[in-house]
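Values below: all heavy atoms of this structure, side chains included; hydrogens, waters and symmetry mates excluded. Starting from 1, each residue takes its place in the sequence as its number.
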Amino acid sequence: MSKKVVERVQTGVRIEKRLLKVLKAMAEYLDITVGDLLEGIVLHALEGKAPPFKAEHLKSIEDLKRIYGLDLTASDSHKLIEQSSDE
């Protein structure tokens with residue numbers, strides 16, 4: 001496997017709180033950074049490929065979603081509204 005040199009930039013992405021908790025926990029489980037995990041997921045998605053997770057990883061993700069109360073699905077994408085800070 002040949003390595004590729006890339007230039008990474010810091011970004012201020014806002015993301016749903018429970019989703020971030022699941023991503024952080026999954027990255028920790030895989031012993032990679034959240035950035036590396038996101039890059040892998042996005043690169044797979046941009047090629048129309050299934051997510052880069054083995055069956056055992058999918059089981060862990062389901063467990064983490066339950067632990068952190070993440071009930072969002074892909075069908076919720078682009079339908080999320082942010083709770084007002086006044087509420």
Side-chain angles (χ1 to χ4, degrees):
M1 171 174 71
S2 66
K3 303 282 184 174
K4 293 197 176 188
V5 176
V6 297
E7 180 182 356
R8 290 195 167 105
V9 296
Q10 194 66 31
T11 181
V13 174
R14 293 175 58 83
I15 189 168
E16 201 279 331
K17 185 177 180 177
R18 298 166 298 167
L19 181 56
L20 180 59
K21 286 181 179 185
V22 170
L23 288 172
K24 283 181 171 181
M26 196 61 205
E28 177 72 22
Y29 174 77
L30 296 171
D31 197 28
I32 60 175
T33 67
V34 173
D36 287 340
L37 178 62
L38 289 173
E39 285 173 348
I41 292 168
V42 171
L43 288 170
H44 275 75
L46 291 176
E47 291 185 21
K49 293 183 177 179
F53 300 114
K54 298 175 183 173
E56 68 187 73
H57 298 148
L58 294 174
K59 170 69 172 101
S60 296
I61 290 168
E62 284 304 314
D63 291 343
L64 292 168
K65 286 172 64 175
R66 189 183 71 258
I67 290 166
Y68 291 112
L70 180 60
D71 57 356
L72 301 174
T73 66
S75 64
D76 295 316
S77 180
H78 307 292
K79 298 177 190 171
L80 305 176
I81 56 171
E82 193 163 346
Q83 180 178 348
S84 169
S85 59
D86 297 338
E87 294 178 27

Let me see the working for L72 and L80 under side-chain contact (heavy atoms from CB on, under 4.5 Å), right down to the final yes or no.
CA-CA 9 Å; L72 301 174; L80 305 176; 3.8 Å; yes
Within a strict 4.5 Å, meaning less than it, do heavy atoms of the L30 and D36 side chains meet?
no
Give a yes or no on whether a salt bridge exists between E56 and K59, defined as a side-chain N under 4.0 angstrom from a carboxylate O.
no
Would you say the side-chain atoms of H57 pair up with the backbone N or O of K54, donor to acceptor, closer than 3.5 Å?
yes
4.5 Å side-chain heavy-atom contact, L38 and V13
no
When you check the gap from the basic side-chain N to the acidic O, do D76 and K79 get nearer than 4.0 Å?
no
Determine, using the 4.5 Å side-chain heavy-atom cutoff (strictly less than), whether Y29 and I67 are members of one ILVMFWY cluster.
yes
Search all heavy atoms of K21 against all heavy atoms of Y68 and return the closest pair with its distance.
CD-CD2, 3.6 Å
Would you call E16 and L70 a side-chain contact if the rule is heavy atoms closer than 4.5 Å?
yes
Answer with yes or no whether the hydrophobic clustering places L37 together with V42; edges join I, L, V, M, F, W, Y residues whose side-chain heavy atoms lie under 4.5 Å apart.
no
For L58 and E62, run side-chain contact (heavy atoms from CB on, under 4.5 Å): C-alpha distance rounded to whole Å, both residues' side-chain angles, the deciding distance at 0.1 Å, then the answer.
CA-CA 6 Å; L58 294 174; E62 284 304 314; 5.8 Å; no
Nearest 0.5 Å, what's the CG-CZ distance between L64 and R18?
14.0 Å
For a 4.5 angstrom cut-off between non-hydrogen side-chain atoms, does K65 reach I61?
yes
I need the minimum non-hydrogen distance between A50 and H44, along with the two atoms involved.
O-CD2, 3.2 Å
Answer whether the closest heavy-atom distance between the side chains of T33 and E39 falls below 4.5 Å.
no
